There are 2 protein chains.
Amino acid sequence: MAIDPESGPPLSTLTTDAEREDVREVADILARKWSLEVLTQLQQDGPYRFNELKRQLGVTPKVLTDCLRELTETGLVERTVHSESPPHVEYDLAERGYELQQIAAEMAAWTGAADAAPTVLVVDAAVPTNVRFSGWLSEGYTVERVSEIAHLSGEQLERADVVLCHHHQLLDDRTDLLDRLEDGSTAAGVVHVTDHRQSLATHDRAVELVEPVLKDELLQAVRTLLPDGAGPERAESSSATDRREERSR
Amino acid sequence: MAIDPESGPPLSTLTTDAEREDVREVADILARKWSLEVLTQLQQDGPYRFNELKRQLGVTPKVLTDCLRELTETGLVERTVHSESPPHVEYDLAERGYELQQIAAEMAAWTGAADAAPTVLVVDAAVPTNVRFSGWLSEGYTVERVSEIAHLSGEQLERADVVLCHHHQLLDDRTDLLDRLEDGSTAAGVVHVTDHRQSLATHDRAVELVEPVLKDELLQAVRTLLPDGAGPERAESSSATDRREERSR
DNA sequence: CTGAATCCTTTAAGATACTG
DNA sequence: CAGTATCTTAAAGGATTCAG
């Protein structure tokens, strides 16, 4: 398991089935299409009536009914019936609904932080090499590892800003992802690590390094491949949203 | 995450659609039936091979394949192909998978904390009364509010240790939940608040209070209705798991 | 105004059998 | 050993219509 030992272990583990079941119940609500929309809307604009909310979110009545029923039953939203004429119903955020949004905000911050740090995908280095490279990159970068480039998924490649791989891997079974890596049609830059110089840098977003590779050499190579010199020291300045927009263009 | 409302408002709000979408993606994974099982299993017992994991969890191969594919594509699990003979495949927790479990643990702690504090359900007090009662109870109790007892859901009643309601509400439209409240067949105790004494305490888990109700009077009444004198000062001692077992018997 | 009732489509999950 | 292929079921989301 790839946990860096230097950080003191908070190591809260989900040991019991009951705990995991609790998490699944909470996550199930957050995963529903309209739950968070309703919660944030209620938090921002105080109480809402049914049709107000319906118009605001652009959701069909059945779905909103289902959603609000679940949220009130789980104590995240308060439903108040006002009997004055004309009678109406108000929905407002409950204390637990507020608390849940704080947790949701942590989740967003977590993914945001990973998006903000450039991601380096280390492909199939032998274990000692892998550990060495990962250690060098662990500050300032999000590091992912993949055993064989043949099994690389499109999603992983999309998350990567730089792919770091041993050259011999690039000679094996061809895949379309591999082709895209070599012809430079991916957003990610490529660092080839080879045992002997082979002049493989086939496009301007590819760099070749020959073993033995030094730490500064690797970091420098990675840095040149990031968009306009954005590196770990500048990673903090670009928000998660900025990077998301960058990547989805 | 211990969110105490009296601390200055961290008030992280989920303002953008992108943030809510991120949360939904993460929550969707946690809500899946086997994701957390796989993650905790990998965390506890190092790397696993496919069939090992399959036997351990008692899951069909298709479902495990789907689950592992999603977890590796999202970078939570590392998949390593060992080509020595006999060749085999290993799955292990990735750094992000470890981080996600920390968040999951916070979610479990959050629901656990709510379970650990006795829950008082305040039914349909007029707004000023409601605020007054809720304020008195806010330390040491989880407080929920419901506007009309007629709309009380079974789930809410099950979460409640004590139901605090105005007596006139109990005379209106009958529901089965209301019957259960009055005949004492619910786990929850009942505090009736009336304007004039009416001798309504029909069972030993019901208490009648006459306005004006004093803070100490209310807190004392609530305390007598909790199982064997467990109150807010003892709430910390009983773990979330203990209370869950209590309630599900 | 606030939903309930109906119908349709998609997807997770499980069971079962089969393959490189 | 490590999956894939097929089929079935159940629940969620959505559109539309109807009702208290």
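Not measured: the values here are computed from a predicted model. A, B, ... follow the sequence lines: proteins, then strands. Residue 1 opens every chain.
DNA chain C lies under 4.0 Å from at least one heavy atom of each of the following residues of residues 55-64 of chain A: A:P61, A:K62.
The shortest distance between the side-chain N/O atoms of B:W34 and the OP1/OP2 oxygens of C:dA12 is not below 4.0 Å. Neither OP1 nor OP2 of D:dC1 sits under 4.0 Å from any side-chain N or O of B:Y91. Distances shown here put every side-chain N or O of A:R49 at or beyond 4.0 Å from the OP1 or OP2 atom of C:dC1. Under 4.0 angstrom from either OP1 or OP2 of D:dG3 there lies at least one side-chain N or O belonging to B:R79. A sub-4.0 Å separation between OP1 or OP2 of C:dA4 and a side-chain N or O of A:R69 is present.
In this structure, the side chains of A:L30 and A:M107 come closer than 4.5 Å at one or more pairs of heavy atoms. In this structure, A:H151 and B:T72 have side chains that are not in contact, with every pair of non-hydrogen atoms separated by 4.5 Å or more. Here the side chains of A:L121 and A:L152 are in contact, with some heavy-atom distance below 4.5 Å.
Rounded to whole angstrom, the span from the CZ atom of B:R32 across to the P atom of C:dG14 amounts to 12 Å. Between the P atom of C:dA13 and the CZ atom of A:R24 lies a distance of 8 Å, rounded to the nearest Å. Atom CD1 of A:I29 is separated from atom C1' of D:dA11 by 16 Å (rounded to the nearest Å). Put simply, CG on B:N51 is 9 Å from P on D:dG3, counting in whole angstrom units. To the nearest angstrom, C1' of D:dA2 lies 12 Å from NE2 of B:H88. Atoms CD (A:E37) and C1' (D:dA12) sit 16 Å apart, rounded to a whole Å. As rounded to whole Å, 13 Å separates atom C1' of D:dA15 from atom CG of A:D66. Taking atom CD on B:E90 and atom P on D:dG3, their separation rounds to 12 Å, with Å as the unit.
Where A:T65 and A:P87 each meet DNA chain C at their nearest nucleotide, the meeting point lying more 5' is that of A:P87. Place B:K54 and A:K33 on DNA chain D by their nearest nucleotides, and B:K54 ends up nearer the 5' end.
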Output, in order, the C-alpha distance, side-chain angles, deciding distance and verdict of salt bridge (charged side-chain N to carboxylate O under 4.0 Å, His left out) for A:D28 and A:R24.
CA-CA 6 Å; A:D28 185 53; A:R24 238 158 59 77; over 6 Å; no
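Annotation: the span from B:R96 atom CZ to A:W110 atom CH2 amounts to 4.0 Å, rounded to 0.5 Å.
In this structure, B:Y91 and B:F50 have tilted ring planes: the angle between them lies in the 30° to 60° band.
Salt-bridge annotation for A:D66 and A:R69: absent, with no side-chain N of the basic residue lying under 4.0 Å from a carboxylate O of the acidic one.
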